[in-house]
Amino acid sequence: MLPLDEIRTLLSEHDDPDHRERPRDFDAKATARRFALLTGALERRFGPSGSVGRYQDASAYGRFAVTDGSGPAGGLWVELSNFGGFVSAGAGDDRSADSAPGPSGEFVTWLDEVCTAAGCVFVPLDVLLEPYDGPTRTLVDEDRVFVETLAALGYGGGDDEDEEDGDMRAVWADRYFGYV
C-alpha cells in the first residue's frame, strides 16, 4: 500500500470543485476496465455471494457487495471512485463508509494487490474518514447550510448537541464516494 501521506496528497491533487461527479478528463473506458478487473477478482474470491452495482449522480463509479454472510464480518463492500482510481472497502452490514469497520488486514493486503494490478489506489477507511478540507462542496455541506438556515429562521432543534458538527462535517469519503 502507498504511504498514507502519499494517498492524502493524491486525494488533494484529484479534487476539482468544478467537477463534482467525475474529473474533467474522465476516461469512461479506462474506468470501466478498472471496475471489471476489480469486480472480476472479487467475484473469483467470493463466487455467487457477490453482487455488482453502478452509481448515478455520484462521485463513486460502482460497488461490489457481499451481503449473505460469506464476507468478512458477515458482509463486505468495495467501491471504485470516478476520481483517481480510488478504491474503498468496508466490512459489516452497514454499507456506508462513514460508519463501517475496516476489513481484515489479510483482505486489505489482497485487495491492495488487486488494485495495483487494475491501476487503482486502495484508500483505507481511516484516511477517508478524516475531515474533508478541500474546495468542493459536498452534500454534507449543503445539508449543514440548510440546517443552519432553518435554525436561524427559528425552525428545527438548533440547540441539539448531537446535531452539531458530528454528522454535519464532511469527510473525504463524502467527496470521492458520495452522491453529488
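Only a predicted model underlies this, so the values are computations on that prediction, with no experimental measurement involved.
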Closer than 3.5 angstrom, by distance alone: can the side chain of [X] be matched with the main-chain N or O of [Y] as a donor-acceptor pair?
| X | Y | answer |
| --- | --- | --- |
| Arg63 | Arg54 | no |
| Ser59 | Gly178 | yes |
| Ser49 | Phe46 | yes |
| Asn82 | Ala58 | yes |
| Arg44 | Gly40 | yes |

inquiry  = According to a hydrophobic-cluster definition based on side-chain heavy atoms being under 4.5 Å apart (Ile, Leu, Val, Met, Phe, Trp, Tyr only), do Val114 and Leu37 belong together?
reply    = no
message = Quick one, Leu42 with Val66, criterion side chain to side chain contact (heavy atoms under 4.5 Å, CB included). Give me CA distance, side-chain angles, the key distance, then yes/no.
response = CA-CA 9 Å; Leu42 289 159; Val66 177; over 6 Å; no
key: Glu79 and its side chain to side chain donor-acceptor pair (under 3.5 Å) partner, picked from Tyr55, Tyr176, Tyr61   = Tyr55
Contact summary for [X] and [Y], nearest pair of heavy atoms:
| X | Y | answer |
| --- | --- | --- |
| Val108 | Phe122 | CG1-CE2, 3.6 Å |
| Val121 | Gly84 | CG2-O, 4.1 Å |
| Ala89 | Pro103 | O-CD, 3.5 Å |

For the atom pair [atom1] ([X]) and [atom2] ([Y]), what is the distance rounded to the nearest 0.5 Å?
| X | Y | atom1 | atom2 | answer |
| --- | --- | --- | --- | --- |
| Glu6 | Glu13 | CD | CD | 9.0 Å |
| Ser81 | Trp172 | OG | CH2 | 11.5 Å |
| Glu130 | Leu11 | CD | CG | 8.5 Å |
| Arg137 | Asp174 | CZ | CG | 13.0 Å |
| Ile7 | Ser12 | CD1 | OG | 12.0 Å |
| Ser88 | Leu128 | OG | CG | 5.0 Å |

Could you check whether any side-chain heavy atom of [X] comes within less than 4.5 Å of a side-chain heavy atom of [Y], counting everything from C-beta outward?
| X | Y | result |
| --- | --- | --- |
| Val123 | Leu2 | no |
| His14 | Pro23 | no |
| Phe107 | Leu76 | yes |
| Leu111 | Cys115 | yes |
| Leu4 | Pro124 | yes |

request  = Determine, step by step, whether Phe177 and Phe86 satisfy the side chain to side chain contact (heavy atoms under 4.5 Å, CB included) criterion, reporting the C-alpha distance in whole Å, the side-chain angles of both residues, the deciding distance to 0.1 Å, and the verdict.
outcome  = CA-CA 9 Å; Phe177 295 93; Phe86 300 137; 3.9 Å; yes
Test log, rule side chain to side chain contact (heavy atoms under 4.5 Å, CB included), inputs Leu38 and Leu80 = CA-CA 9 Å; Leu38 184 64; Leu80 173 66; 4.3 Å; yes
task = For Arg24, enumerate each residue passing the side-chain contact (heavy atoms from CB on, under 4.5 Å) test, keeping only those at least two apart in sequence or located in another chain.
result = Asp16, His19
request  = State which residues pass side-chain contact (heavy atoms from CB on, under 4.5 Å) with Val52; sequence neighbours excluded, sorted by chain then number.
outcome  = Phe35, Thr39, Glu43, Phe64
Residues Glu106 and Arg45 bridged, charged N to O under 4.0 Å = yes
inquiry  = Side chains of Asp15 and Thr136 only: does a donor on one sit below 3.5 Å from an acceptor on the other?
reply    = yes
task = Flag this pair as yes if the NZ/CZ of Arg20 is under 6.0 angstrom from the six-membered ring centre of Phe83 and inside a 45 degree cone about the axis; otherwise no.
result = no
